[in-house]
Amino acid sequence: MAISTGNRGVVYTGPGQVEVHSIAFPELSLGKRHCQHGVILKVLTTNICGSDQHMVRGRTTAPSGLVLGHEITGEIIECGRDVEFLKVGDIVSVPFNIACGRCRNCKEGRTGICLNVNPARPGAAYGYVDMGGWVGGQAEYVMVPYADFNLLKFPDSDQAREKIRDLTLLSDIFPTGFHGCVTAGVGPGSTVYIAGAGPVGLAAAVSAQLLGAACVIVGDMIPERLAQAKSFGCETIDLRQDAELPALLEQILGVPEVDAAVDCVGFEAHCHGSCHHEEKPAAVLNSMMDITRAGGQIGIPGLYVTEDPGAVDEASKQGNLSMRFGLGWAKSHSFHTGQCPVMKYHRQLMQAILFDKVQIAKAVNVQVISLDEAPKGYADFDGGAAKKFVIDPHAEFAA
């Protein structure tokens, strides 16, 4: 296979700005050291994530020049000599977590907080602020380390290409939504409230259905996103209504509470009701405690940060939120935070896709765009588009 030496990627250049630049072609190296356990991928699809939007809005300490992108599906074009179980030509899903496979946390399956891939703190990801400085995958080519451990190989390359719009979601949002539901205790017969109808919220809603929930209710303030949730059988609540959330739930369920709740919004949360235009970082967390039954669980895949330069108050700029934690304590709630350990779920979810048990791309409304269209995709996503934008860097899967 001929290997290109050119590369382009989506680069964060400052608050509200992303551009497509020429970037270095990846090498099998970690700084000055050879990385013989890594592979180089030709990126087939790479997705725009809501987490990327936090950086692009200037709500993190992300530096200008960062190559974005942590949701990657690709074809191996080069293997290091220590790669034993993968080969050139394999099509693989890349978990957004970068994990060594050797540390205590990796051996316990907690790959979202690997101890060896980020000198600043546990856990790393491609193209993300404070996550180890790894080059992102919204690009034509990318290097993946610890390949035998990290990568999920698809069993049939032709089938993978046919189902690429679904399989591309295995790198992050499908496992993340599923993890949010698992940690919230969703099971057969559960009633579930999901805050947020962005791509992760929609993925969580599908996951709740897959796990056997009796009723899945999705709350949001954007009518198009609520319509998307309704399209695959969810109940919906427009949070712009000037009414208390428990009362709105009671209209659907007959009781003002749910068995399980999943926060797919995170730190850029807004008030409900007549003041819905006002940012209130702990609004979703507080509402979760209000509506979850005593003894229930709350899954929090929504992102919360240690520093938010654009926060509405000084406390929130340091990640200090005004939570009514006493209510959660009194109701014996359990809270489950942190990055999804993608490898815990991605093989099972791949099987669900390959055997047509779930239509995740349809549920989250995948739209394939070119690399050059990525800046517009970011703008449309930020404007509330009810779509999951999937970048096709080599124009192989255009509709």
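Index from 1, following the sequence.
- The two residues Ser316 and Leu321 have their closest heavy-atom pair at OG-CD2, 4.0 Å.
- The main-chain N or O of Leu285 is never found under 3.5 Å from a side-chain atom of Asp263 such that the two would form a donor-acceptor pair.
- For the pair Leu354 and Pro155, the minimum side-chain heavy-atom distance is below 4.5 Å.
- Thr168 places no side-chain N or O within 3.5 Å of a backbone atom of Arg165 that could act as its donor or acceptor partner.
- By the 4.5 Å heavy-atom criterion applied to side chains, Lys163 and Phe154 are not counted as neighbours.
- Note that the CG atom of Leu303 and the CD atom of Gln339 stand 8.5 Å from one another [nearest 0.5 Å].
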Expected list for residues 194-214: side-chain donor-acceptor pairs under 3.5 angstrom, two or more places apart:
unit_1	atom_1	unit_2	atom_2	d
Ser207	OG	Phe178	N	3.3
Ser207	OG	Ala203	O	2.7
Gln209	NE2	Phe232	O	2.9

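- Using a 4.5 Å cut-off between side-chain heavy atoms of Ile, Leu, Val, Met, Phe, Trp and Tyr, with links allowed through other members, Ile173 and Val182 fall into the same hydrophobic cluster.
- Remark: side-chain polar atoms of Asn150 are paired, donor with acceptor, to backbone N or O of Pro145 under 3.5 angstrom.
- Looking at Val255 and Leu249, their side chains never come closer than 4.5 Å, going by heavy atoms from C-beta outward.
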Working note: Asp259 + Thr191, criterion side chain to side chain donor-acceptor pair (under 3.5 Å); need CA distance, chi angles, decisive distance, verdict. CA-CA 5 Å; Asp259 298 320; Thr191 57; 3.2 Å; yes

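- Arg104 is linked by a salt bridge (Lys or Arg N to Asp or Glu O under 4.0 Å) to Glu108, counting only residues two or more places apart in sequence or in another chain.
- Taken from CZ in Arg225 to CG in Asn365, the straight-line distance is 11.0 Å, to the nearest 0.5 Å.
- Put simply, the side chain of Asp220 does not reach to within 4.5 Å of the side chain of Leu239, judged on heavy atoms.
- Considering every non-hydrogen atom in both Asp52 and Asn47, the closest pair reads OD2-O, 4.0 Å.
- Every residue two or more places apart in sequence or in another chain that forms a ring-ring contact (aromatic ring centres under 6.0 Å, His included) with Phe335 is listed here: Phe325.
- Counting heavy atoms from C-beta outward, Met143 and Cys35 have side chains that approach closer than 4.5 Å.
- Asp148 and His37 form no side-chain donor-acceptor contact under 3.5 Å, judged by distance and modelled atom types alone.
- Judged by distance alone, with hydrogens and angles left aside, the side-chain atoms of Asn97 form a donor-acceptor pair with the main-chain N or O of Cys340 at under 3.5 Å.
- Smallest separation of non-hydrogen atoms from Asp238 and Leu226: CA-CD1, 3.7 Å.
- For the atom pair CG of Leu167 and CE of Met350, the computed distance is 8.0 Å after rounding to the nearest 0.5 Å.
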For residues 294-302, dump all side-chain donor-acceptor pairs below 3.5 Å to protein atoms at least two apart in sequence or in another chain.
unit_1	atom_1	unit_2	atom_2	d
Gln297	NE2	Thr183	O	2.9

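- Contact check for Tyr126 versus Val67: no side-chain heavy atoms found under the 4.5 Å cut-off.
- The residues Lys230 and Glu235 are annotated as not salt-bridged, no charged nitrogen and carboxylate oxygen being separated by less than 4.0 angstrom.
- In this structure, Asn105 contributes its side chain and Ile113 its backbone to a donor-acceptor pair below 3.5 Å.
- The salt bridge (Lys or Arg N to Asp or Glu O under 4.0 Å) search around Asp313 returns none, not counting sequence neighbours.
- Taking both residues in full, the closest heavy atoms of Val144 and Leu41 are given as CG2-CD1, 3.8 Å, listed atom of the first, atom of the second, then distance.
- The hydrophobic cluster containing Ile76 also contains Ile40, counting ILVMFWY residues as joined when their side-chain heavy atoms lie under 4.5 angstrom apart, directly or transitively.
- Between the side chains of Tyr378 and Glu373, no donor-acceptor pair is found at a separation under 3.5 Å.
- Residues Asp172 and Cys49 have side chains in contact (heavy-atom distance under 4.5 Å, counting atoms from C-beta outward).
- Proximity of the aromatic rings of Phe267 and His54 is defined here by a centroid distance below 6.0 angstrom, and this criterion is met.
- Within the structure, salt bridge (Lys or Arg N to Asp or Glu O under 4.0 Å) contacts touching residues 17-38 (residues at least two apart or in different chains) do not occur.
- Dense packing is recorded around CZ of Arg59, with more than 12 heavy atoms of other residues, nucleotides or ligands lying under 6.0 Å away.
- Judged as a salt bridge (Lys or Arg N to Asp or Glu O under 4.0 Å), the pairs with a partner in residues 88-101 (not counting sequence neighbours) are, in order, Lys87-Asp90, Asp90-Lys153.
- Separating the NE2 atom in His346 from the CZ atom in Phe174 is a distance of 13.0 Å, to the nearest 0.5 Å.
- Aromatic pair Phe96/His70: ring centres closer than 6.0 Å.
- Residues forming a salt bridge (Lys or Arg N to Asp or Glu O under 4.0 Å) with Arg8 (at least two apart in sequence, or on another chain): Glu140, Asp372.
- Checking side-chain atoms of Tyr128 against main-chain N and O of Ser51 turns up a donor-acceptor pair under 3.5 Å.
- The local environment of CD in Gln53 is crowded, with over 12 non-hydrogen atoms from other residues, nucleotides or ligands closer than 6.0 Å.
- Here the side chain of His333 pairs a donor or acceptor atom with the backbone of Thr292 at under 3.5 angstrom.
- In the displayed structure, Gln36 atom CD is contacted under 6.0 Å by more than 12 heavy atoms of other residues, nucleotides or ligands.
- We find the CD-CD distance between Glu279 and Glu268 to be 5.5 Å, quoted to the nearest 0.5 Å.
- The two residues Ile252 and Cys215 make their nearest non-hydrogen contact at CG2-SG, 4.3 Å.
- Within 6.0 Å of atom CZ in Arg102, more than 12 heavy atoms from other residues, nucleotides or ligands are found, so the atom counts as buried in its surroundings.
- Under a 3.5 Å cut-off, the side chain of Ser287 and the backbone N or O of Val284 do form a donor-acceptor pair.
- More than 12 heavy atoms of other residues, nucleotides or ligands shown are found within 6.0 angstrom of CZ on Arg57.
- Salt-bridge check for Glu75 with Arg161: passed, with a basic side-chain N closer than 4.0 Å to an acidic carboxylate O.
- Residues satisfying the ring-ring contact (aromatic ring centres under 6.0 Å, His included) criterion with His21, sequence neighbours excluded, are absent altogether.
- Here the straight-line distance linking atom CD1 of Ile23 with atom CG of Asn7 works out to 4.0 Å at 0.5 Å rounding.
- Residues Met55 and Val129 share a closest heavy-atom pair of SD-N, 3.5 Å.
- The side-chain contact (heavy atoms from CB on, under 4.5 Å) test applied to Ile164 returns Thr45, Thr73, Phe397, not counting sequence neighbours.
- In this structure, Met221 and His270 have side chains that are in contact, with non-hydrogen atoms separated by less than 4.5 Å.
- With hydrogens and angles disregarded, no donor-acceptor distance shorter than 3.5 Å links the side chain of Asp242 to the backbone of His272.
- In this structure, the salt bridge (Lys or Arg N to Asp or Glu O under 4.0 Å) partners of Lys42, at least two apart in sequence or on a different chain, are Glu396.
- With sequence neighbours left out, the ring-ring contact (aromatic ring centres under 6.0 Å, His included) criterion links Tyr304 to no other residue.
- If you look at Tyr141 and Phe25, their ring centroids are closer than 6.0 Å.
- Remark: the backbone N or O of His179 is not paired with any side-chain donor or acceptor of Lys344 at under 3.5 angstrom.
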